[in-house]
Amino acid sequence: MIKKAIFPVGGLGTRFLPATKALPKEMLPVVDKPLIQYAVEEAAEAGIDEFIFVTGRNKSAIEDHFDHSYELEKTLIAKGKTEALTVVHDMIHKPGSVSYVRQQDPAGLGHAVWCARNMVHNEPVAVLLADDLILGKSCIAEMAKHYHGGNMVAVMNVSMDQTHAYGIITPGTDDGKLVEVMGLIEKPKPEDAPSNIAIVGRYIIEPAVFQTLSKSERGAGGEIQLTDALAQQIGKSAFFGLRFSGERFDCGSKMGFLQANVAFAMANEMLAPNLKKWIKDRYS
Ligand code: G1P
């Protein structure tokens, strides 16, 4: 059973400036909920009840978001807004189950995960990148169901000209759902890519990965890459990619973020009919 999840949230979000000048990019809302809350809820659906945020400077809004806001709660009570009150109460986790660690330098995803090492003991841990938003079934719950030790990543097929944006696997046996990972390379050019099967930001990693990360070896882009540390486990323990059933949106890009907003609104029965009509009237 996976009990802990790491959320690397130290990134600067330069692609969303000026919105992310003072606001953490993980707080950007899709419809009415910040990206980071979707990721936390996805983890909770997998039975995870310890949440470790690897933050950076200017990220205090994330800490406030998962804490009480007594002023707001008092006002909602006074105005009898019980529905809104339930929304803000439901997102408060048991005291002590949310922790924060600072990544002082943005030295890469592997470095961010390594910063959480003292909060993880001899146990597998989930890693969720809030930029990758998944509509549908909880991806990490699906992974946990299929996890029997070693390492696991969520994967999806991308077009060959997109391999430079992802970790790409060399596939082994493949039953259509679980694909064995025989090799792993971070952001290869199409001509160097071993396949078009890409890692989406959901991982279950074993303790040995932290030992590799402590060597602080720099990889693609001069950063300490999680992909490289995972690649070193190949042949030593089980390693699978899971083709998840949900739909993934790349909310690290403007287009993906806009698509996510439309898709999540269309999946919301209160908003869908009017939005559909408005889009039809205005754009067709
Ligand atoms: C990170 C990982 C990459 C993975 C991607 C998924 O890259 O390093 O292996 O495929 O997330 O979104 P980033 O998008 O943070 O550059």
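Order of appearance sets the numbers: ligands from 1, and atoms from 1 within every ligand. All heavy atoms count here, side chains included; hydrogens, waters and symmetry mates do not.
- Note: Ile134 CD1 to Met156 CE = 9.0 Å, rounded to the nearest 0.5 Å.
- Against a heavy-atom cut-off of under 4.0 Å, Asp132 is close to the following atoms of ligand 1: 6 (C), 12 (O).
- Among all protein heavy atoms, the one lying closest to atom 1 (C) of ligand 1 is Leu129 CD1, 4.0 Å.
- Scanning the protein heavy atoms around atom 10 (O) of ligand 1, the nearest turns out to be Ile199 O, 2.6 Å.
- More than 12 heavy atoms of other residues, nucleotides or ligands sit less than 6.0 Å from atom NZ of Lys33.
- Across the listed options Arg248, Gln225, Lys187, Arg202, Lys187 owns the non-hydrogen atom lying nearest to atom 13 (P) of ligand 1.
- The minimum heavy-atom distance linking Phe51 with His93 is given by the pair CE1-ND1, 3.5 Å.
- Counting the atoms of ligand 1 from 1 in the order shown, those under 4.0 Å from a heavy atom of Gly201 are 6 (C).
- Of all atoms in ligand 1, numbered sequentially from 1 with element shown, those under 4.0 Å from a heavy atom of Thr227 are 9 (O).
- Polar contact with ligand 1: present for Gly167 (N/O pair, distance under 3.5 Å).
- Taking all atoms of both residues into account, the shortest heavy-atom contact from Cys115 to Arg102 is SG-O, 4.4 Å.
- Pairing each heavy atom of Asp228 with each of Gly219, the nearest pair is OD2-CA, 3.4 Å.
- In terms of protein heavy atoms, atom 8 (O) of ligand 1 is closest to Glu186 OE2, 2.6 Å.
- The minimum heavy-atom distance between Lys25 and Leu35, with the atom names listed, is O-CD1, 3.8 Å.
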